[in-house]
There are 2 protein chains.
Amino acid sequence: MPNIKLIIEYDGGGYFGFQKQPNLPTIQGELERVLNDLVFLESPIYCAGRTDAGVHARGQVVNFKASTRVPINRLPAALNARLPSDIVVKHVEVVPEDFHARKSALKREYGYYIHNASYPPAIGRQYCYHYPLKLDTEAINQSMRLIIGTHDFSSFCRTEEGKSYLREVYEAYCRALDDHQVVIRVVANAFAYMMMRMLCGSLLEVGRGRWSVPYFQEVLQAKDNSLSAAALPPEGLVLEKVYY
Amino acid sequence: MPNIKLIIEYDGGGYFGFQKQPNLPTIQGELERVLNDLVFLESPIYCAGRTDAGVHARGQVVNFKASTRVPINRLPAALNARLPSDIVVKHVEVVPEDFHARKSALKREYGYYIHNASYPPAIGRQYCYHYPLKLDTEAINQSMRLIIGTHDFSSFCRTEEGKSYLREVYEAYCRALDDHQVVIRVVANAFAYMMMRMLCGSLLEVGRGRWSVPYFQEVLQAKDNSLSAAALPPEGLVLEKVYY
C-alpha cells in the first residue's frame with residue numbers, strides 16, 4: 001500500500017481552514033472528496049500544519065496511504081482537474097511507509113504579507129494585510145533577532161493549561177519586497193496556535209514605534225499572552241514551505 | 001475649476017473594462033458614481049489607456065475637471081471609503097488646465113504575467129495566465145528586441161481600415177520573477193487594440209519553439225494579423241504605469 005505525499009498550494013480565503021469540519025468547506029474536505037474519486041484511501045489525510053480559516057499555503061504537505069490504479073505521476077493532473085481552482089496539487093511522490101507529513105517535518109516556514117501604504121491594495125488584496133502606518137523595519141528586525149533560538153512563546157499564542165510552548169526558531173526577519181510590500185518571515189521547528197499572527201501583530205507595534213525593542217523582549221520573557229498585541233487577520237498569512 | 005489627476009489601481013476581474021457602458025459594471029462607471037458623491041464633475045473622466053474587460057491596472061491615470069469642497073488631499077481616503085475594494089485611488093493631485101490623461105501621456109508600460117509550470121496557480125490565479133509548456137525566455141527576448149523602435153504593429157492587433165498602427169517601442173523584455181512566474185514587459189508611446197495580448201500570444205509560440213525568431217520577424221513585417229497567434233486572455237495583463 002503506497003504512502004503518498006502531496007505538496008499543495010491553496011488560496012484559503014474560501015475555506016474554514018485545513019481541517020475537515022461537517023458541512024463547512026475545508027481544504028481537507030475538498031481533498032478527500034476528489035481523492036475518493038481516484039484512489040481507495042486506507043488512512044486519514046495527514047498535513048504538516050493545520051492552517052486556520054482564511055490562511056493560505058504555497059507549500060502545504062499532506063500524506064495518506066491509498067491503493068490506486070491511476071499511475072502516481074498522473075495524479076496531480078487528475079486531482080487538479082477535479083479540485084476547485086483555489087486548491088492545486090503541485091507535486092506528488094511515493095514516500096517510505098513511516099513518512100508522516102506532521103511528525104516527520106523538521107521545519108516550517110511562514111510568511112506574513114503586509115501592504116504598507118496609506119491606500120489599500122486592489123490587486124492581490126486577498127493575500128495581504130493593509131497597514132497604513134509607516135513601519136521601521138530595522139526595529140522589527142532587531143526584535144525578530146531576539147526570537148531566534150529556543151524560547152517559550154506563551155506570550156504570542158493561544159495557550160492551554162499544561163502544554164509546552166517551547167519552540168525553536170531558525171530564521172526570523174522582515175524585508176521589503178517593493179516600495180509598499182513587506183513580508184515577515186519565520187522558520188521554526190513548529191508553530192503554536194495563533195503564534196504567527198500574534199507575533200506579527202506585536203512586531204507591528206514595534207514597527208510603528210509604540211513598543212520599544214526592549215519592551216518586546218520583556219513581553220516575550222513574561223510568558224503572558226495578555227501582553228501580546230491582537231492577532232493579525234488570516235489573509236496575510238501563508239504557509240510557505242515544510243522541510244523534511 | 002481645478003483639473004484633477006488620479007492614479008488608480010484595480011483588479012479588473014469583475015468589470016467590463018474601463019469605459020462606461022450602460023447596465024454593466026465598469027471602472028469608469030464606479031469612479032463616476034463615487035465622484036458624484038464628493039465633487040461636481042465639470043468634464044468627462046479621461047483615462048490614459050482604456051483597458052479591456054478583465055484587464056488590471058496598477059497605475060491607470062485619469063483626469064477630470066471638478067469643483068469640490070472636499071480638500072484635495074482628503075479625496076483618496078474619501079473615494080476609497082466609497083469605492084468597491086477592487087478599485088483603489090493611490091494618488092491625487094491638481095494638474096495644469098491643459099493636462100489630459102490620454103493626450104498628455106508620453107509612454108505606457110504594460111506587463112503580461114505568465115504562470116509557467118505544469119500545475120496551475122492557486123494563490124494569485126486571478127492575475128496571471130497559466131502556460132504549462134516550457135518556455136525559452138532567451139528566444140522570447142531575441143524576438144522582443146526586434147520590436148524595439150518604430151514599427152507597424154498591424155500583425156499584432158485588431159485593425160480597422162484607414163488607421164495607423166505605427167507605434168514606438170522603447171523597452172521590451174521578458175524575465176523570470178521566480179521559479180515559475182514570467183513577465184513580458186513592454187513600454188511604448190501607445191498600444192493598439194489587443195496589441196499586447198496578440199503580441200504575447202505570438203511570443204509564447206516562439207518561447208515554446210513552434211515559431212523561430214526569424215519567423216516572428218516575418219510575421220511582424222507582413223502587417224497581416226491573420227498570421228498572429230491567438231490573443232492571450234485578459235487576466236494576465238496589467239497596465240503598470242503611465243509616463244508624462
Side-chain angles (χ1 to χ4, degrees), chain A residues 6-15 27 30-31 51 54-60 73-92 111 113 115 117-128 130 132 177-181 235-241, chain B residues 6-15 27 30-31 51 54-60 73-92 111 113 115 117-128 130 132 177-181 235-241:
Chain A
L6 304 179
I7 301 178
I8 60 175
E9 174 176 316
Y10 48 84
D11 173 344
Y15 297 95
I27 308 296
E30 289 300 305
L31 274 179
T51 53
V55 174
H56 315 294
R58 231 183 298 271
Q60 172 74 283
N73 62 355
R74 296 220 189 124
L75 261 188
L79 289 167
N80 288 335
R82 287 165 171 83
L83 282 166
S85 64
D86 48 10
I87 306 177
V88 167
V89 176
K90 299 166 83 166
H91 177 79
V92 64
Y113 292 81
H115 177 89
S118 59
Y119 54 85
I123 296 179
R125 66 197 179 285
Q126 306 89 340
Y127 312 112
C128 62
H130 176 217
L177 296 174
D178 55 35
D179 60 351
H180 59 269
Q181 270 214 99
E235 62 264 26
L237 189 58
V238 179
L239 171 52
E240 301 280 5
K241 196 171 172 180
Chain B
L6 304 179
I7 301 178
I8 61 175
E9 173 176 317
Y10 48 84
D11 173 344
Y15 298 94
I27 308 296
E30 288 300 304
L31 274 180
T51 54
V55 173
H56 316 294
R58 232 184 297 272
Q60 172 74 283
N73 61 355
R74 297 219 189 125
L75 260 188
L79 290 167
N80 288 334
R82 287 164 170 84
L83 282 166
S85 64
D86 47 13
I87 306 177
V88 166
V89 176
K90 298 166 85 166
H91 176 80
V92 63
Y113 292 81
H115 178 89
S118 59
Y119 54 84
I123 295 178
R125 66 196 179 285
Q126 305 88 341
Y127 312 112
C128 62
H130 176 217
L177 296 174
D178 54 35
D179 60 351
H180 58 268
Q181 270 214 100
E235 62 265 26
L237 188 57
V238 179
L239 170 53
E240 301 280 6
K241 198 172 171 178

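Computation of the quantities below employed the complete heavy-atom set of this structure, encompassing side-chain atoms and omitting hydrogens, waters and symmetry-equivalent molecules.
Judged by distance alone, the side chain of B/Glu9 and the main-chain N or O of A/Pro121 form no donor-acceptor pair under 3.5 Å. Between the side chain of A/Tyr119 and the backbone N or O of B/Val88 there is no donor-acceptor pair closer than 3.5 Å.
For a residue to count as touching a neighbouring chain, one of its non-hydrogen atoms must lie under 4.5 Å from one of that chain's; by this rule A/Ala117 does not touch chain B. Contact annotation for B/Tyr10: only backbone heavy atoms (N, CA, C, O) come within less than 4.5 Å of a heavy atom of chain A. Within the 4.5 angstrom heavy-atom criterion, atoms from both the backbone and the side chain of B/Pro120 approach chain A. Only the side chain of B/Asn80 has a heavy atom closer than 4.5 Å to any heavy atom of chain A. For a residue to count as touching a neighbouring chain, one of its non-hydrogen atoms must lie under 4.5 Å from one of that chain's; by this rule B/Ala77 does not touch chain A. Residue B/Val238 touches chain A through its side chain alone, counting heavy-atom pairs closer than 4.5 Å.
Residue with the most contacts toward chain B among A/Arg58, A/Arg125, A/His91, A/Gln126: A/Arg125 (heavy-atom pairs, distance under 4.5 Å).
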